[in-house]
Amino acid sequence: MLIAAAVCPCPPLLVPEVAAGAAPELDGLRAACSEAVRALAAARPDCLIVVGPADRAGRGKHAQGAAGSFRGFGVELDVRLAAPTAEGMSGGGDAAGRGPSPELPPSPPTLPTSLAVGAWLLEHAGWDPAVPVEGLGVGEPLAAERCIEVGRELAGRAERVALLVMGDGTACRTLKAPGYLDERAAPFDAEVARALAAADTGALAALDEELAYELKAAGRAPMQVLAGAGEGARLKGELRYDEAPYGVGYFVASWLS
């Protein structure tokens, strides 16, 4: 059963090393994301599933410890999805549990960018790797009905399931936005924000797939996975962030019992 969820955007610019000189512009967004992830941890879930948009190569399940990279954005920064510590895997350190633990061996990056950003958020927030974590890359074309089914399946994984849902709103909020200005973008994002604030699963499930595609709303499918997972959970919503820097709608929300 779903007992907690957090929604965060997934631009690589959320990672300060990628944003470089522009990093301070998103400090407020980073702080909101950290608070949302810490709220997930405080809910004491049995497992966490990180859900985010992915291209064809990144779709499907990604195991705990899967590697991601921001090297494609000109930064020599690699991440792991809540990688278990070497001590946790092999009892490293001295007899008292002290001493340095060897680093995990390198592996090729497989995480889609959205899940790599999610992995960075977990690390940044100090997520306990003893809590099982899994990633799920969702394709943009996935139909709403299937997204909802997937969400129901995820919620049934354990008695206390938490989701970290990575996804942006529209990319058409201003003239300089990636998708240029589209007057339909602001109302679309406003409805998403309202649904997240109210933990309204029905409203998320009803998001228009075609319109979301036209407005480049990369978070539509992951949010509809959340809609399926949250059915009947009676969680309370809190909208922590709702702005459109760079003309892209970014939301941070918590759903908690």
Side-chain angles (χ1 to χ4, degrees), residues 6-33 36 50-59 68 70 72-75 111-121 136-144 147 164-197 203-227 239-253:
V7 175
C8 295
C10 53
L13 289 175
L14 199 57
V15 179
E17 291 87 341
V18 176
E25 297 176 10
L26 296 181
D27 281 348
L29 176 58
R30 292 186 194 95
C33 290
V50 185
V51 183
D55 58 18
R56 188 175 299 277
R59 295 174 193 170
F70 296 99
F73 300 95
V75 176
L111 295 176
T113 299
S114 65
L115 299 190
V117 174
W120 181 87
L121 286 176
L136 179 65
V138 180
E140 183 179 34
L142 194 65
C147 290
L164 173 54
V165 179
M166 309 298 298
D168 302 343
T170 66
C172 302
R173 293 281 294 273
T174 66
L175 292 173
K176 294 183 178 181
Y180 197 66
L181 176 64
D182 190 313
E183 298 295 343
R184 301 172 297 173
F188 183 96
D189 282 344
E191 174 59 14
V192 172
R194 188 206 64 78
L196 293 175
L204 289 183
L207 291 176
D208 188 310
E209 300 170 53
E210 183 175 350
L211 179 59
Y213 177 79
E214 292 174 359
L215 297 176
K216 303 182 184 301
R220 188 276 306 172
M223 290 183 196
Q224 290 186 318
V225 171
L226 171 61
L239 188 64
R240 298 176 181 268
Y241 186 97
D242 173 18
E243 295 186 25
Y246 316 123
V248 181
Y250 293 155
F251 315 101
V252 180

Does any non-hydrogen side-chain atom of [Y] lie less than 4.5 Å from one of [X]?
{"X": "D242", "Y": "D189", "result": "no"}
{"X": "Y246", "Y": "L26", "result": "yes"}
{"X": "R220", "Y": "C147", "result": "yes"}
{"X": "V51", "Y": "V138", "result": "yes"}
{"X": "P53", "Y": "P112", "result": "no"}

Closest approach of [X] and [Y], non-hydrogen atoms and distance?
{"X": "P245", "Y": "Y250", "result": "CG-CD1, 3.4 Å"}
{"X": "M166", "Y": "V117", "result": "CE-CG1, 3.9 Å"}
{"X": "L215", "Y": "A185", "result": "CD1-CA, 3.9 Å"}
{"X": "R59", "Y": "A54", "result": "NE-O, 3.5 Å"}
{"X": "A227", "Y": "L204", "result": "CB-CB, 3.8 Å"}
{"X": "A32", "Y": "V252", "result": "O-CG1, 3.5 Å"}

Pairs where residues 111-121 contributes a residue and the test side chain to side chain donor-acceptor pair (under 3.5 Å) is met, not counting sequence neighbours =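 Pairs touching residues 111-121 that pass the test: none.
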
task = Sequence neighbours left out, what passes salt bridge (charged side-chain N to carboxylate O under 4.0 Å, His left out) with E191? Give chain and number order.
result = R194

Quick check for you: to the nearest 0.5 Å, what is the distance between [X] atom [atom1] and [Y] atom [atom2]?
{"X": "R173", "Y": "E183", "atom1": "CZ", "atom2": "CD", "value": "11.0 Å"}
{"X": "E209", "Y": "L142", "atom1": "CD", "atom2": "CG", "value": "8.5 Å"}
{"X": "L226", "Y": "L164", "atom1": "CG", "atom2": "CG", "value": "10.5 Å"}
{"X": "L115", "Y": "L121", "atom1": "CG", "atom2": "CG", "value": "11.0 Å"}

ask   = For the side chain of Q224 and the backbone of L207, is there at least one donor-acceptor N/O pair under 3.5 Å apart?
value =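 At least one qualifying donor-acceptor pair exists.
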
Would you tabulate the side-chain donor-acceptor contacts of residues 9-24 under 3.5 Å, counting partners in other chains and residues two or more places apart, or write 'none'?
none

